[in-house]
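What you see is a predicted model; the values in this text were computed from it and never measured.
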Amino acid sequence: MKIHALAIATALALCSCAQEETTVQPLKVNGTQLCYADGTPAVFRGVSFGWHNLWPRFYNAGAVKTLKEDWHAPILRAAIGADSHANADNPGCHDGYMGETDFAMEHLYAVIDGAIENGCYVIVDWHSHVLHQEEAKAFFSQVATKYKGVPNVIYELFNEPVCQSFEDSRSYDDLGNPEAMAAYWAKLKAYAEDVISVITSIDDSEPLILMGCPSWDQRIDLPATNPVEYSNLMYTVHFYAATHKQYLRDASAAAIAAGTPVFISECAGCEASGDGPLDMEEWQAWSSWAKENGVSMMTWSISDKKETCSMFTPEAGSEGPWADEVIKEWGKIVKDWLIAE
């Protein structure tokens, strides 16, 4: 009887430890700083999966477990493609959420459930360059309903808005027009507040929400002067170090000084195309700047495309663990960067 009682107590203790290891705190924005619920600053280094419809094979619990345990990533990003990218360069590509909704949600849920099991945060990224308001509301309604009150889940409402002329005709005519860009941000602000109202009508825990800004998340100055009406929100900046240099760090610093919470939800060391040479001097400058300013960074991407920012060769398994020979140069840099933190 005593042995039986001891065995039960030991089992309960082990369960308690396992539960403690996989529990995460809610995240709250305090001024411009992201914090845990206990008030201590939360500054993350993490990694993003590539588009789910291009690289669905990596969207599984095994990959999440490997990234958490072997790569030491406390936060991941699931890039759920809204649009179709089927073309000659992407044979066999699945449609986006709007064309294959069940396929998108199946792969998203696999990553979210894996993150919850492994004690990771996970950014649910509506990955598009075009505003799809009603479809985004339906998407986030599904996620919020399934994961209401789960502190692991972070909502990213719009990956990379571009500009109004891109929305209308896929041109970039108004990128240099201050009035047009301000008007576009006003439209995005209304979009964000509409989608946030859908999420918070379901989940009243005030979840952390991220929102992109115009010009591929470069115009962080626009929300600085006309912020979204929601307290637990941060604005995303994206950089590719060989293209986006000191000027964007300066703009981000100015936005923070003006009271704007900044979160780098996508970045890499190469050019903005996703290809070209790595600029390690600028990458280090960005990494140091983010650490000094308490800004989180998510690197791009878990994929096997033939380009610089893609971290794996096609020979890499879908779940890991991954041997060095299937991790490309950028992937090795990111892995070492994560482990060093």
Answer with yes or no whether the hydrophobic clustering places Leu338 together with Ile327; edges join I, L, V, M, F, W, Y residues whose side-chain heavy atoms lie under 4.5 Å apart.
-> yes
Output the distance between atom OH (Tyr247) and atom CD (Gln218), rounded to the nearest 0.5 Å.
-> 5.0 Å
Is there a donor-acceptor pair under 3.5 Å between the side chain of Ser303 and the backbone N or O of Ser310?
-> no
Give a yes or no on whether the backbone of Glu206 and the side-chain of Asn232 come within a donor-acceptor separation of less than 3.5 Å.
-> yes
So salt bridge (Lys or Arg N to Asp or Glu O under 4.0 Å) across residues 260-269, not counting sequence neighbours, yields Arg77-Glu266
Derivation and outcome, side-chain contact (heavy atoms from CB on, under 4.5 Å), residues Tyr97 and Gln142 | CA-CA 12 Å; Tyr97 169 86; Gln142 286 180 266; 2.6 Å; yes
Residue pairs passing the salt bridge (Lys or Arg N to Asp or Glu O under 4.0 Å) test with at least one member in residues 178-205, sequence neighbours excluded, are Lys137-Asp194
Between Trp300 and Tyr240, does a ring-ring contact (aromatic ring centres under 6.0 Å, His included) hold up when you go through it step by step?
-> CA-CA 9 Å; Trp300 181 265; Tyr240 285 77; 7.9 Å; no
From Phe139 atom CZ to His132 atom NE2, the distance as rounded to the nearest 0.5 Å | 12.5 Å
By salt bridge (Lys or Arg N to Asp or Glu O under 4.0 Å), which residues pair with Asp83, not counting sequence neighbours?
-> none
Are Leu76 and Ile339 connected in the hydrophobic side-chain network, where two residues link if heavy atoms are under 4.5 Å apart?
-> no
Derivation and outcome, ring-ring contact (aromatic ring centres under 6.0 Å, His included), residues Trp286 and Trp283 = CA-CA 5 Å; Trp286 269 107; Trp283 165 254; 9.1 Å; no
So Ile333 and Thr299, side-chain contact (heavy atoms from CB on, under 4.5 Å) or not? Walk me through it.
-> CA-CA 10 Å; Ile333 290 167; Thr299 50; over 6 Å; no
When Met234 is tested against each of Val295, Thr260, Val29 for side chain to side chain contact (heavy atoms under 4.5 Å, CB included), which residue passes?
-> Val29
Full working for side-chain hydrogen bond (donor to acceptor under 3.5 Å, both in side chains) between Ser273 and Asp275 | CA-CA 5 Å; Ser273 65; Asp275 215 352; 5.7 Å; no
Not counting sequence neighbours, which residues clear side chain to side chain donor-acceptor pair (under 3.5 Å) with Trp216? List them please.
-> none
Can you measure from CG (Asp168) to OH (Tyr184) and round to the nearest 0.5 angstrom?
-> 9.5 Å
Lys335: what forms a salt bridge (Lys or Arg N to Asp or Glu O under 4.0 Å) with it, not counting sequence neighbours?
-> none
Decide whether Ile202 and Tyr147 are clustered together by the hydrophobic rule: side chain heavy atoms of Ile, Leu, Val, Met, Phe, Trp, Tyr closer than 4.5 Å, transitively.
-> no
Does Glu106 have any salt bridge (Lys or Arg N to Asp or Glu O under 4.0 Å) partners at least two apart in sequence or in another chain, and if so, which?
-> none
Should Val198 and Leu108 be regarded as members of a common hydrophobic cluster, given that ILVMFWY residues are connected when their side-chain heavy atoms come within less than 4.5 Å of each other, either directly or indirectly?
-> no
Would you call the rings of Phe312 and Trp322 parallel, tilted or perpendicular, where under 30° means parallel and over 60° means perpendicular?
-> tilted
